[in-house]
Amino acid sequence: MSAAIRLKQLANEAGNEEFRVCVIEKSASVGGHILSGACLEPRALNELIPDWAEKGAPLKTPVTEDKFAFLTKTKSFPIPILPGMPNYNHGNYIVRMGHFVQWLGEQAEELGVEIYPGFAASEVVYNDDGSVAGIATNDVGIAKDGSPKDSFERGMEFRAKCTIFSEGCRGHLSKGIMQKFDLNKDNQSQIYGIGIKELWQVEEGKHHPGRIEHTVGWPLPDTHTYGGSFLYHLNEDNLIAVGFVVGLDYTNPYLHPFKTFQQYKTHPAVAPTFEGGTRIGYGARALNEGGFQSIPKLTFPGGCLVGCGPGFMNVPKIKGTHTAMKSAILAAESVWDKIQAGDSVTEGIEPAEYEEKLKSSWIWDEMKSVRNIKPAFHKWGLWGGIAYTGLFYVVGRGKEPWTLQHAGTDNQSLKPADSAKEIEYPKPDGKLTFDLLSSVALTGTNHEADQPAHLTLLNDQVPEEVNFAKFAGPEGRFCPAGVYEYQPDDKGDMSLIINASNCIHCKTCDIKDYSQNINWVCPEGGGGPAYDGM
């Protein structure tokens, strides 16, 4: 949305109000698939829309207090937050990100941007010279068996001089573009985390607008499993956003991120906040954790990548919105300049200046300064990672002359089940802790039942012969929506059942599946979660 706004700003300033900018959105409504913590650093917003306050941007909760703690099973040990530390948030705002994106959509439309919600971009369209020509939406009204139903409508092609791919983390079109144009040949493979979130309305007296709380430690099974909690007090109706992030490079196949999050809420220092409250929202989304080392080549003939697709999240800050917005602004400016130059050698233009602009911007400096923090936690565990952060980031500002490497891709990290320790989780009580299905019900997820599967297996035998036999069926645990479950068939053998209608489009299965046998493709437009300000 930031790219669309900036492009239209440039076109309108040049007197070219007929210049068309289109946003294709697979959610039924703008912001309906957006999920984030979220604490927004307004730096890029200040650049894009300097008068955002006057325009009614939904930034209602300035951060007033930062708290950080290390948890054991029964104790909480505070850790001081000082200016210069990654999780020092004064000057930032706690927001409901879906509402913020909805507001951005309104600003875009006022400028003349065309927004098409409910249209799923399912494939990339190419020109004869091999450059990207645009995207095509999927056909709708197709039955599970592939036959057209009475409601059948052919998909549409949206062709453009340049296509900006801003699908978010692990976007399926971006994934294909990276492979086709070999955009990852000079960078390390991306690594990821899974963020699981709930929205609560708590009792009076337990709500402190502007307070931010983070924890590390319990209930993660060991100090080498990366992750921690966030708890944000919104200045709205006693609302608290609470969530848990787990790095998907975890090794124990018995780890269950959703149940880990539920267990966190039972801690003596956490539970009192939510006792007597009401859970009103739930969702989950994968997030990029590869950082500087994993940024791919960003441009190709006919288009470019922006935001969380290429992976501009600042991992120790747990923030990517400001960097995503800035990358979109820079891409838009480069696309505009290239179109005006009229010197493209391919039919679809390549905004090559975008990479140069980005490397000269504050994004590059910020991403480079924190590049070694996530690998340090992986290499030396929690305490080694904290020590490294204090010494080389807080003091040295990331100027160390080396760059640590990531250990490998997340799907390769699992140990065989027979060499891992099973993890016991408490049963849900329906008050503080909940089961998966009641949680998914809060997402508003809906898919047309009679349509081709959007979760496909490359080999139908792999789940039982590899995933279950060797790793005890980890997809039944890492999915935060109960999509995958193993049940005995008529012969008593375990068989994988895929409940695709539960899918909340988090992309975790596409990332963590050991054999990379699961392929996420786009369902009919408008399907998926219907988040309200998540």
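What's counted below: heavy atoms across the whole structure, side chains too, no hydrogens, waters or symmetry copies. This chain uses plain numbering: 1 for the first residue, then up along the sequence.
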Enquirer: Can you list everything that forms a side-chain contact (heavy atoms from CB on, under 4.5 Å) with Ala441? Sequence neighbours excluded, please.
Expert: none
Enquirer: List in chain and number order the residues that pass side-chain contact (heavy atoms from CB on, under 4.5 Å) with Ser27, two or more places apart in sequence or in another chain; answer none if no residue qualifies.
Expert: Glu25, Ser29, His33
Enquirer: What pairs meet the ring pair (Phe, Tyr, Trp, His ring centres under 6.0 Å) rule with one or both residues in residues 315-353, with sequence neighbours excluded?
Expert: Phe19-Trp336, His322-Trp362
Enquirer: Mind checking what makes salt bridge (charged side-chain N to carboxylate O under 4.0 Å, His left out) contact with Lys180, not counting sequence neighbours?
Expert: none
Enquirer: In chain order, what residues pass the side-chain contact (heavy atoms from CB on, under 4.5 Å) check against Gln461, with sequence neighbours excluded?
Expert: Asn459, Glu465
Enquirer: Identify, with sequence neighbours excluded, every residue that meets salt bridge (charged side-chain N to carboxylate O under 4.0 Å, His left out) alongside Asp249.
Expert: Lys374
Enquirer: Side-chain donor-acceptor contacts of residues 524-534 below 3.5 Å, not counting sequence neighbours, with atom names and distances?
Expert:
| residue | atom | partner | partner atom | Å |
| --- | --- | --- | --- | --- |
| Glu524 | OE2 | Gly141 | N | 3.0 |
| Tyr531 | OH | Ala284 | N | 3.4 |
| Asp532 | OD1 | His99 | NE2 | 2.8 |

Enquirer: For Glu350, give me all partners under salt bridge (charged side-chain N to carboxylate O under 4.0 Å, His left out), at least two apart in sequence or on another chain.
Expert: Lys297
Enquirer: Cut-off 3.5 Å, no hydrogens considered: what does the side-chain donor-acceptor table look like for residues 117-127, sequence neighbours left out?
Expert:
| residue | atom | partner | partner atom | Å |
| --- | --- | --- | --- | --- |
| Ser122 | OG | Ala136 | O | 3.3 |
| Ser122 | OG | Asn138 | N | 3.1 |
| Asn127 | ND2 | Ser131 | OG | 3.0 |

Enquirer: What pairs with Lys144 under salt bridge (charged side-chain N to carboxylate O under 4.0 Å, His left out), at least two apart in sequence or on another chain?
Expert: none
Enquirer: For Arg285, enumerate each residue passing the side-chain contact (heavy atoms from CB on, under 4.5 Å) test, keeping only those at least two apart in sequence or located in another chain.
Expert: Leu35, Cys169, Lys507
Enquirer: Does Lys197 count as lying over the ring of Tyr232, i.e. NZ or CZ under 6.0 Å from the six-ring centre, within 45 degrees of the axis?
Expert: no
Enquirer: Residues two or more places apart in sequence or in another chain: which of them pass ring pair (Phe, Tyr, Trp, His ring centres under 6.0 Å) with Phe261?
Expert: none
